[in-house]
Amino acid sequence: MSLSCSDRFTDLLCAEDSDEVLSGESPACSSELDSQASCIEESSIDGFIEDETNFVPGFDYLARFQCQSLDASARETSVAWILKVQAYYNLQPLTAYLSVNYLDRFLYSRRLPQASGWPLQLLSTACLSLAAKMEEPLVPSLLDLQVEGAKYIFEPKTIQRMELLVLTVLDWRLRSVTPFSFIDFFACKLDPTGTFLAFLISRATDIILSNIKEASFLEYRPSSIAAAAILCAANEIPNLSLFNPEHAESWCDGLSKEKILSCYRLMQELVVDNARRKPPKMLPQLRVSIRGRMRSSDSSSSSSSSPSYKRRKLNNCLRVDDDDRNSK
């Protein structure tokens, strides 16, 4: 029995018309899509707010680190390694964040044989591999993924078994709600003209990743972290630095002003602290001038002490003596 084209496309995810899909024509012009973008985004944000608690560890997860039931330093080491691999392969920021999200959700639900060491390294590798498969068009092999100071190297079959365990513990829910689900929307709310939109998103992304190692942020929901990061980024723009952080609550329903302000203050402290830790930059002109002086002084001193210079000086002395004798 032969099937028609319409029968073959009855399970399209977005309920598209099969004739439109096969014809290759766009179902709507770009102007119509742009006019509907804001409404669609508003409804998406409402859904993210409603679902975000389903993709974070339980409320007592931070308390386990505070009472040392879980090793905060071991978690920080694992997250630092994930960020190194993300930078090494230039993976997307969301890939790194999802890796840490999977790691935290797994640790909340399942206890490892050891709080640190090879079990945590294996878990970190499996979480990073799963996140890369979710977000990256090109995924490094399981062996190539174990770079940037990985203390233990695991066979691909071992990592694959760990991936399956992570998927089971997370109930295969990998499409998590993260701060990156909100930052574009919040940036538009803070800067409706779009003048500084690219900077706000880029800087907020950097702030989120730079603070992901801190266990203190486990207290906050992704929406609060995103709002706080956008506010911190706005502080670096004179035109937006006067915005009152307390008004961020009005960006959408479901935000908590207290949580946003608390996260914002913590984030500000860490941003300032990270800026102080950076070594001062040396001016290239100063380095060149100093090297030039050192080379000139070194060359003069080395030339005066060289054997060829001494031989020339001795020959000159002998010539002077011969001239004196001939004159006599």
Side-chain angles (χ1 to χ4, degrees), residues 37-38 41-42 44-45 48-49 52 76 79-80 82-84 86-88 90-101 135 177-252 254-286:
S38 58
E41 197 168 15
E42 289 277 1
S44 299
I45 293 299
F48 291 151
I49 291 288
E52 63 179 342
E76 183 176 348
V79 175
I82 289 174
L83 292 176
K84 287 180 181 179
Q86 181 256 342
Y88 182 85
N90 195 27
L91 303 178
Q92 298 183 56
L94 179 56
T95 301
Y97 197 94
L98 283 176
S99 305
V100 179
N101 176 263
E135 298 299 329
V177 177
T178 71
F180 299 107
S181 306
F182 300 95
I183 58 173
D184 290 29
F185 180 79
F186 290 165
C188 291
K189 287 292 186 179
L190 184 62
D191 180 27
T193 63
T195 307
F196 306 101
L197 205 59
F199 174 83
L200 286 173
I201 295 173
S202 175
R203 182 64 183 130
T205 298
D206 293 339
I207 292 173
I208 291 171
L209 286 188
S210 65
N211 294 325
I212 196 175
K213 293 185 294 184
E214 298 291 334
S216 303
F217 287 99
L218 295 171
E219 177 183 353
Y220 304 101
R221 296 180 178 181
S223 57
S224 298
I225 294 175
I230 289 292
L231 291 172
C232 284
N235 284 338
E236 302 179 17
I237 302 176
N239 293 356
L240 301 178
S241 60
L242 299 179
F243 181 83
N244 189 346
E246 295 185 358
H247 296 164
E249 183 188 17
S250 63
W251 287 346
C252 67
L255 293 178
S256 169
K257 180 174 70 174
E258 291 75 17
K259 287 294 184 181
I260 292 176
L261 292 178
S262 175
C263 185
Y264 170 65
R265 295 188 188 101
L266 175 61
M267 202 171 281
Q268 270 192 315
E269 294 176 1
L270 293 175
V271 168
V272 173
D273 186 54
N274 291 335
R276 289 175 179 173
R277 291 181 182 180
K278 290 183 179 179
K281 295 182 178 180
M282 299 292 293
L283 295 177
Q285 294 85 347
L286 295 178

Give me the atom names and distance for the closest heavy-atom approach of [X] to [Y].
X: A204; Y: A233; answer: N-CB, 4.0 Å
X: F186; Y: I230; answer: CB-CG1, 4.0 Å
X: P93; Y: L209; answer: CB-CD1, 3.7 Å
X: L200; Y: L240; answer: CD1-CD1, 3.9 Å
X: E236; Y: R203; answer: OE2-NE, 2.7 Å
X: W251; Y: F185; answer: O-CE2, 3.6 Å

* Report the C-alpha separation of I225 and M267 in whole Å, then their side-chain angles, then the decisive distance to 0.1 Å, and conclude whether the side-chain contact (heavy atoms from CB on, under 4.5 Å) test is met. => CA-CA 9 Å; I225 294 175; M267 202 171 281; 4.1 Å; yes
Output the distance between atom [atom1] ([X]) and atom [atom2] ([Y]), rounded to the nearest 0.5 Å.
X: C252; Y: I45; atom1: SG; atom2: CD1; result: 6.5 Å
X: S250; Y: K189; atom1: OG; atom2: NZ; result: 8.0 Å
X: C232; Y: L266; atom1: SG; atom2: CG; result: 9.0 Å
X: I237; Y: L190; atom1: CD1; atom2: CG; result: 8.0 Å
X: L197; Y: S202; atom1: CG; atom2: OG; result: 11.5 Å
X: L255; Y: F182; atom1: CG; atom2: CZ; result: 8.0 Å

* So do the side chains of Y264 and N235 get within less than 4.5 Å of each other, counting heavy atoms only? ->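 Result yes, sub-4.5 Å side-chain heavy-atom pair found.
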Donor-acceptor contact present, side-chain [X] to main-chain [Y], <3.5 Å:
X: S181; Y: T178; value: yes
X: N211; Y: I207; value: yes
X: S210; Y: D206; value: yes
X: E52; Y: S223; value: yes
X: E76; Y: K213; value: no

* **Working for side-chain contact (heavy atoms from CB on, under 4.5 Å), residues S262 and E258** => CA-CA 6 Å; S262 175; E258 291 75 17; over 6 Å; no
* Would you please test Y88 and K84 for side-chain contact (heavy atoms from CB on, under 4.5 Å) and show each step? => CA-CA 6 Å; Y88 182 85; K84 287 180 181 179; over 6 Å; no
* To do: Look at the aromatic rings of H247 and F243 and report parallel, tilted or perpendicular, splitting at 30° and 60°.
  => perpendicular
* Start with the C-alpha gap between F180 and L98, add the side-chain angles, then the distance that decides, and say whether side-chain contact (heavy atoms from CB on, under 4.5 Å) holds. => CA-CA 10 Å; F180 299 107; L98 283 176; over 6 Å; no
